[in-house]
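Everything below concerns the one structure shown next.
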Amino acid sequence: MTIAQMIGQSGILTLLGMGVVFLFLVIMIVCMNLLHLVLHALHLDTAEPASKQAAPAAGPVPQAPAQDTLSVVAAIAAAVREKQSV
């Protein structure tokens, strides 16, 4: 087998492989569009209304005590001050 034959055979194999991948992508896109049409026709593409969904738990959201927040701010300020002094 000569070099020219090998290059010709590799070119055919490359085109065949690219054709198979392209054909698969076309089939996949067609299937996805068909699925979209079926779901739309059966009205399965809409979300449930908010009234049917479970209501969130009522009541106030507990807040962290102010003292903890001040402690964190103080710790951050002390770390920044120490870093600047070094």
Side-chain angles (χ1 to χ4, degrees):
M1 184 175 252
T2 65
I3 299 272
Q5 290 174 335
M6 284 195 282
I7 290 176
Q9 190 176 12
S10 64
I12 292 172
L13 187 60
T14 300
L15 291 176
L16 181 65
M18 291 172 63
V20 168
V21 170
F22 182 75
L23 183 64
F24 171 76
L25 291 174
V26 168
I27 292 171
M28 185 177 69
I29 290 170
V30 168
C31 288
M32 289 175 62
N33 285 332
L34 287 175
L35 181 63
H36 170 73
L37 290 174
V38 169
L39 290 177
H40 187 68
L42 297 175
H43 301 292
L44 296 175
D45 59 345
T46 57
E48 290 183 17
S51 61
K52 288 186 179 181
Q53 293 178 354
V61 177
Q63 297 290 332
Q67 184 179 12
D68 288 343
T69 306
L70 294 176
S71 300
V72 171
V73 171
I76 292 172
V80 169
R81 191 174 308 126
E82 182 177 336
K83 179 70 176 173
Q84 288 176 348
S85 66
V86 171

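Computation of the quantities below employed the complete heavy-atom set of this structure, encompassing side-chain atoms and omitting hydrogens, waters and symmetry-equivalent molecules.
Classification of the H36-H40 ring pair by plane angle, with boundaries at 30° and 60°, yields parallel.
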Identify every side-chain donor-acceptor pair in residues 4-30 under 3.5 Å, counting partners at least two apart or on other chains, and give the distances.
| residue | atom | partner | partner atom | Å |
| --- | --- | --- | --- | --- |
| Q5 | OE1 | T2 | N | 3.1 |
| S10 | OG | M6 | O | 3.2 |
| S10 | OG | I7 | O | 2.8 |
| T14 | OG1 | S10 | O | 2.8 |

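Within 6.0 Å of atom CD1 in I3, 12 or fewer heavy atoms from other residues, nucleotides or ligands are found, so the atom counts as exposed in its surroundings.
Connection of L44 to V38 is established within a shared hydrophobic cluster, with ILVMFWY side chains joined at heavy-atom distances below 4.5 Å, either directly or through further cluster members.
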